[in-house]
Amino acid sequence: MSPLRPVLFLALAALPGGALAQSAETGYGSAQPEFVFSLRGGASVAPEYFGSDDYATGPDLGFKFHGLSLRNGRQFGDGDPWTDPLGWDIHGSFRYIGERDASDYDDLRGMDDIDTAVELGFGFGYTAQNFSAFTDFRRGFGGHEAWVGEAGMDVIARPGDRWKLTVGPRLFWGSNDYADTYFGVDGNEATASRPAYDADGGLLSAGIEMGARYQLNDDWGLEGALTWEQYRNDAADSPIVENGSDDQWTIRFGVTRVFRLRF
């Protein structure tokens, strides 16, 4: 399913430079409050829907918080967009799932449409110089109202001051409602080649992700990732997946821009 997202990157990049540019007189942690974050804008190629063997291109957007300093001296984060904070962290987690219009796909004709879904939640992570791990939990709104979870870990290589390379496994879980929404087939949706199917939750996919980031200068960078996942258990046994593919690939590439907003 193509991960369409609002092109917020372009809108923020067009803001006046004076409001977002860092001056030589002040820096993070000074008396002037500052909010430091980065946006990634680019393109992605992903399956047209979960289980599809056809792919579509769409925009890709990422957001990362780096630091907030207040006038009273309080600081959150370290404000350095190119250095990973080491140790434990608590972070937000977000995923956008585009709508599934059954009439657009021959293998899904006769099935109910699924609206756009937004998943919001939080996660825990740990980062060392050459290793990181995370666990995220999210609740869906819109197309599904279910709970999902993700876990992963990465080996980190830094072949130069500007490079960061990562590779590691990924696991994805979904509740019964999630599995039935995207992999189930109701009786009124069943056909000769697509029998009725009640999908249960659990571990639904496992795979691996490889990522790379290159810092161009203090404000700009390039970032990309290649992800392979294979459906497991009730997701793999779904007629939707059996008529498509249980191997799913996603590739994304974008430009990262750091913003330092003073107020």
Side-chain angles (χ1 to χ4, degrees), residues 1-7 41-62 94-120 138-150 170-209 224-254:
M1 185 169 295
S2 179
L4 301 178
R5 300 176 173 91
V7 192
S44 68
V45 178
E48 293 183 327
Y49 58 87
F50 297 147
S52 174
D53 55 3
D54 293 320
Y55 286 75
T57 302
D60 177 71
L61 178 68
F94 168 86
R95 186 170 70 145
Y96 178 97
I97 305 173
E99 67 176 351
R100 192 180 78 182
D101 187 340
S103 63
D104 290 341
Y105 313 106
D106 291 339
D107 290 341
L108 299 181
R109 292 193 183 277
M111 298 194 69
D112 295 335
D113 296 335
I114 302 175
D115 292 335
T116 295
V118 174
E119 296 174 357
L120 300 174
R138 297 187 299 269
R139 203 262 193 190
F141 299 90
H144 78 85
E145 306 285 331
W147 285 92
V148 300
E150 284 188 277
R170 298 290 187 269
L171 300 173
F172 180 87
W173 291 267
S175 67
N176 290 342
D177 288 343
Y178 177 89
D180 205 42
T181 297
Y182 292 104
F183 302 102
V185 179
D186 292 340
N188 65 320
E189 300 174 320
T191 65
S193 61
R194 190 178 62 223
Y197 181 74
D198 183 17
D200 290 331
L203 178 65
L204 299 180
S205 72
I208 190 169
E209 180 172 295
L226 173 67
T227 305
W228 166 79
E229 62 177 335
Q230 186 176 68
Y231 289 125
R232 304 285 182 165
N233 302 319
D234 277 27
D237 294 336
S238 167
I240 297 172
V241 175
E242 290 181 345
N243 290 336
S245 174
D246 61 354
D247 289 307
Q248 305 278 280
W249 295 86
T250 302
I251 185 170
R252 62 172 176 82
F253 178 80

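Because only heavy atoms are used, hydrogens play no part in the values below, and waters and symmetry mates are left out as well, while side chains stay in.
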Practice problem: Check Ala235 against Val241 and note the closest heavy-atom contact, atom names and distance. | Solution: O-CG2, 3.2 Å

Quiz prompt | Arg100 to Asp112 - nearest heavy-atom pair and separation | solution = NH2-O, 4.2 Å

Quiz item: If you take all heavy atoms of Ala190 and Ala196, which pair is closest and at what distance?
Solution: CB-N, 3.6 Å

Quiz prompt | Side-chain donor/acceptor of Asp113 to backbone N/O of Ala102, under 3.5 Å | solution = yes

Exercise. Using modelled atom types only, decide if a donor and an acceptor are shared between the side chain of Arg194 and the backbone of Glu189 within a distance under 3.5 Å.
Key: yes

Quiz item: Does Asp186 use its side chain to pair, donor to acceptor, with the backbone of Asn188 at less than 3.5 Å?
Solution: no

Quiz item: Does Pro239 offer a backbone N or O that forms a donor-acceptor pair with the side chain of Asn243 under 3.5 Å?
Solution: yes

Quiz item: Hey, are the side chains of Phe94 and Val118 touching, using non-hydrogen atoms and a 4.5 Å cut-off?
Solution: yes

Exercise. Would you mind reporting whether Leu171 and Leu203 have side-chain heavy atoms less than 4.5 Å apart?
Key: yes

Exercise. Indicate the ring-plane relationship of Trp228 and Trp249, choosing parallel, tilted or perpendicular according to the 30° and 60° boundaries.
Key: tilted

Quiz item: Any donor-acceptor pair under 3.5 Å linking the side chain of Asp246 with the backbone of Ala236?
Solution: no

Quiz item: Under a 4.5 Å cut-off applied to non-hydrogen side-chain atoms, are Tyr49 and Leu108 in contact?
Solution: yes

Quiz item: Taking all atoms of both residues into account, what is the closest heavy-atom pair of Ser238 and Tyr197, and its distance?
Solution: CA-CE2, 3.6 Å

Self-check item: Ring center gap for Tyr231 and Phe50 short of 6.0 angstrom
Solution: no

Quiz item: Under 3.5 Å, is there a donor-acceptor pair linking the side chains of Asp54 and Ser52?
Solution: no

Exercise. Write down the atom of Ala199, the atom of Gly184, and the distance for their closest heavy-atom approach.
Key: CB-N, 4.1 Å

Self-check item: Smallest separation among heavy atoms of Ala146 and Asp177, with atom names
Solution: CB-CB, 3.8 Å

Quiz item: For the residue pair Phe172 and Tyr178, is the inter-centroid distance of their aromatic rings smaller than 6.0 Å?
Solution: yes

Quiz item: Counting distance only, does the side-chain N/O of Arg170 pair as donor-acceptor with the main-chain N or O of Ser205 below 3.5 Å?
Solution: no

Self-check item: Verdict with supporting geometry, Glu150 and Arg138, salt bridge (Lys or Arg N to Asp or Glu O under 4.0 Å)
Solution: CA-CA 9 Å; Glu150 284 188 277; Arg138 297 187 299 269; 2.8 Å; yes

Quiz item: Under 4.5 Å between any side-chain heavy atoms of Tyr96 and Thr116, yes or no?
Solution: yes

Quiz item: Looking at side-chain heavy atoms only, is the closest gap between Met111 and Ile240 below 4.5 Å?
Solution: yes

Self-check item: Exam field: side chain Arg252 to backbone Leu226, donor-acceptor pair closer than 3.5 Å
Solution: no

